[in-house]
Participant: 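Once you've had a glance at the structure underneath, I'll fire off some questions.
Just so you know, residue 1 is the first one in the sequence shown, and it goes up from there.
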Amino acid sequence: MKFGLLGRTLGHSFSPPRIHSALGNTNYELFEREPSQLQEFFADPELQGINITIPYKVNALEACDIVDPRAERIGCVNTMVRKDGKWHGYNTDYDGFVFTLQHAGIDVAGKECIILGDGASSATVHVALEDLGAKNIVHLSRKTAPFYGDAPNYYETAQIIINCTPIGMYPHNPANLIDITQFSKLEGVVDLIYNPRRTILLLQAEMMEIPHCDGLPFLVAQGVEAANHFQGESFGTKEIEQILRDMRREKENIILIGMPGVGKTTVGKALGEEMSRTCIDVDHELEKEIGDISTYITEQGGEPAFREKEAEMIAKFGTQTGLIISTGGGCVTVPKNFAHLRQNGRIYQLTQPIENLSTTGRVLSSGGIERLRELEEIRTPMYESFAQCIIEHNRNAPETVAAILEDFEANLL
């Protein structure tokens, strides 16, 4: 028997096979098919269970012999199971969305809700919001009114926003449809995108200290519910959270920031060895591209040209996952670097007394202890605004690594 995920393009789908493998189903594959191949695909007698993603959720409903009433009401199917030779259709995205709200601590009952998008996922979210008692549900769309440009009409009323579009998804990140910082009554934000973990929408919600969640809990929870249909099991919250934790651990970057000479490269290498991860040193990667940094700065007439090159390098690695990234001491002076680093990572500031910092070979911090004090005064607020955790590094790499890993594990979910 075969199980798997059906879609037209599945290069971004790094998770579904892992979810089902963790639940004991090792016969789960990815099936990329063109519309003309669907009839033959659904007729394959070896297929026992299928998950369906865009753009085939309506086609899946039409291919089913029996459709669950909830999926019928939503108007699309994302899970198909063959029973006695007949295809039964379900919508487990509904379960995934309800779990996501619970996971994020977002209550939609009696709330004014905005859904971004009008596709199959938005239909599922709409029905779930109705069932959960939302007061009013508005869809903003590119195609029909109200449009995304009409968002200002809801600045004073909207309480919940859910993004059901692919805007901001890898590799087109960061990008966003609306600026949520203008919404004065916002209480919760969900973005169904899971790569990157934090879209611009979610970074704004984080800055506003509003409950928010990406799409990975949605993906895992709907997959676990689909597995219940496939395997006749009753997996639940325990399994969802364990899979989610394991995937977070694997994908979340660890970012190191701090003063020049504080020890980011040393700690980064030690973390890479401890976690069996690739360690990226941004300065070293820049030297491969532009040569000696001090020479480049001199030839380009100053620091700004270097900072722009550095920002390009940070943007490149920030879209990737599962890395240790050691940054240059001045990366925090370019505000846009925050979104590129935070989108897939947890940022750690390393500190130690200014007298202990190394200045050897560091053109931007040359000038001795007084120059370092000047830099520290300017940059400390920047480091603190970037960092989610501050770690005192006392030239004891194992101790620092242990402190980082303890915090990392405590904040996976």
Side-chain angles (χ1 to χ4, degrees), residues 5 7 9-20 51-55 57 74 76 78-79 91-106 108 113-129 132 139 160-178 180 188-206 210-226 237 240-241 243-253 319 321-322 339 342-345 412-413:
L5 174 67
T9 305
L10 299 175
H12 66 284
S13 300
F14 59 73
S15 302
R18 173 164 183 176
I19 294 170
H20 292 274
N51 289 132
I52 302 95
T53 189
I54 53 176
K57 293 183 180 182
I74 293 169
C76 64
N78 81 308
T79 299
N91 190 304
T92 65
D93 282 344
Y94 181 104
D95 304 277
F97 180 65
V98 171
F99 175 85
T100 299
L101 292 176
Q102 295 169 345
H103 180 75
I106 297 174
V108 302
C113 301
I114 289 179
I115 297 175
L116 304 181
D118 53 11
S121 294
S122 73
T124 303
V125 168
H126 189 114
V127 169
L129 290 176
L132 293 169
H139 289 252
I160 308 292
I161 293 177
I162 302 104
N163 179 39
C164 298
T165 78
I167 302 301
M169 183 169 70
Y170 177 85
H172 305 296
N173 47 310
N176 63 313
L177 286 164
I178 62 173
I180 68 169
V189 179
V190 174
D191 196 325
L192 297 188
I193 290 171
Y194 59 86
N195 185 13
R197 175 173 180 177
R198 301 171 190 88
T199 59
I200 292 296
L201 203 68
L202 297 185
L203 288 174
Q204 289 182 333
E206 182 177 66
I210 293 170
H212 57 278
C213 192
D214 68 311
L216 193 58
F218 174 94
L219 179 73
V220 173
Q222 70 79 26
V224 170
E225 183 60 27
T237 300
I240 294 170
E241 291 186 347
I243 294 170
L244 185 58
R245 180 177 292 278
D246 290 344
M247 294 176 71
R248 294 286 201 214
R249 183 183 296 108
E250 177 184 335
K251 297 296 182 181
E252 183 89 340
N253 293 331
T319 63
T321 60
R342 180 61 174 149
Q343 64 180 333
N344 280 316
L412 288 174
L413 295 181

Participant: With a 4.0 Å cut-off on N to O distance, would you call Asp214 and Arg248 a salt bridge?
Facilitator: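 Yes, charged N to carboxylate O under 4.0 Å.
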Participant: Starting at CG of Asp246, measure out to NZ of Lys251 and round the result to the nearest 0.5 Å.
Facilitator: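 So the CG of Asp246 and the NZ of Lys251 are separated by 12.5 Å.
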Participant: Apply side chain to side chain contact (heavy atoms under 4.5 Å, CB included) to residues His212 and Gln204 and explain how you reach the verdict.
Facilitator: CA-CA 10 Å; His212 57 278; Gln204 289 182 333; over 6 Å; no
Participant: To check you understand the geometry: which heavy-atom pair defines the closest contact between Gly215 and Tyr194, and what is its length?
Facilitator: C-CB, 3.7 Å
Participant: Between Ile193 and Gly168, what is the shortest heavy-atom contact and its length?
Facilitator: CD1-C, 3.9 Å
Participant: Grab the two heavy atoms, one from Arg198 and one from Leu203, that are nearest each other, plus how far apart they are.
Facilitator: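 What the structure gives for the nearest pair is CB-CD2, 3.9 Å.
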Participant: Look up atom CG in Leu5 and atom OG1 in Thr79, then write down how far apart they are to the nearest 0.5 Å.
Facilitator: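 Answer for the CG-OG1 pair, Leu5 versus Thr79, is 10.0 Å.
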Participant: For Asn78, which of Asp93, Thr124, Asn51 qualifies under side-chain hydrogen bond (donor to acceptor under 3.5 Å, both in side chains)?
Facilitator: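 The single option meeting the side-chain hydrogen bond (donor to acceptor under 3.5 Å, both in side chains) with Asn78 is Asp93.
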Participant: Mind listing the closest non-hydrogen atom pair of Thr165 and Leu177 along with its distance?
Facilitator: OG1-CD1, 3.4 Å
Participant: Please report the interatomic distance OG1(Thr321) to CD(Gln343), rounded to the nearest 0.5 Å.
Facilitator: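 Answer for the OG1-CD pair, Thr321 versus Gln343, is 10.5 Å.
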Participant: Of the non-hydrogen atoms in Ile161 and Ile178, which two are nearest, and what is the gap between them?
Facilitator: CD1-CD1, 4.2 Å
Participant: Given side chain to side chain contact (heavy atoms under 4.5 Å, CB included), test Val125 with Leu192 step by step and report yes or no.
Facilitator: CA-CA 10 Å; Val125 168; Leu192 297 188; 4.1 Å; yes
Participant: Using the side-chain hydrogen bond (donor to acceptor under 3.5 Å, both in side chains) definition, which of the options Thr199, Asn176, Thr100 pairs with Asp191?
Facilitator: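 Considering Thr199, Asn176, Thr100, a side-chain hydrogen bond (donor to acceptor under 3.5 Å, both in side chains) with Asp191 is found only for Thr199.
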Participant: Please tell me whether Glu252 and Asn344 have a donor and an acceptor in their side chains that are separated by less than 3.5 angstrom.
Facilitator: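 Side chains of Glu252 and Asn344: no pair found under 3.5 Å.
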Participant: Taking all atoms of both residues into account, what is the closest heavy-atom pair of Cys113 and Val108, and its distance?
Facilitator: SG-CB, 4.4 Å
Participant: Once rounded to the nearest 0.5 Å, what's the spacing between atom SG of Cys213 and atom CD1 of Ile162?
Facilitator: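 Here the rounded value is 12.0 Å.
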Participant: Could you pull out all residues at least two apart from Asp95 that satisfy side-chain contact (heavy atoms from CB on, under 4.5 Å)?
Facilitator: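 Asp95 satisfies side-chain contact (heavy atoms from CB on, under 4.5 Å) with Arg70, Thr92, Glu225 once adjacent residues are dropped.
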Participant: Using a 3.5 Å distance criterion without hydrogens, assess whether the side chain of His139 forms a donor-acceptor pair with backbone atoms of Gly117.
Facilitator: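 A pair under 3.5 Å: yes.
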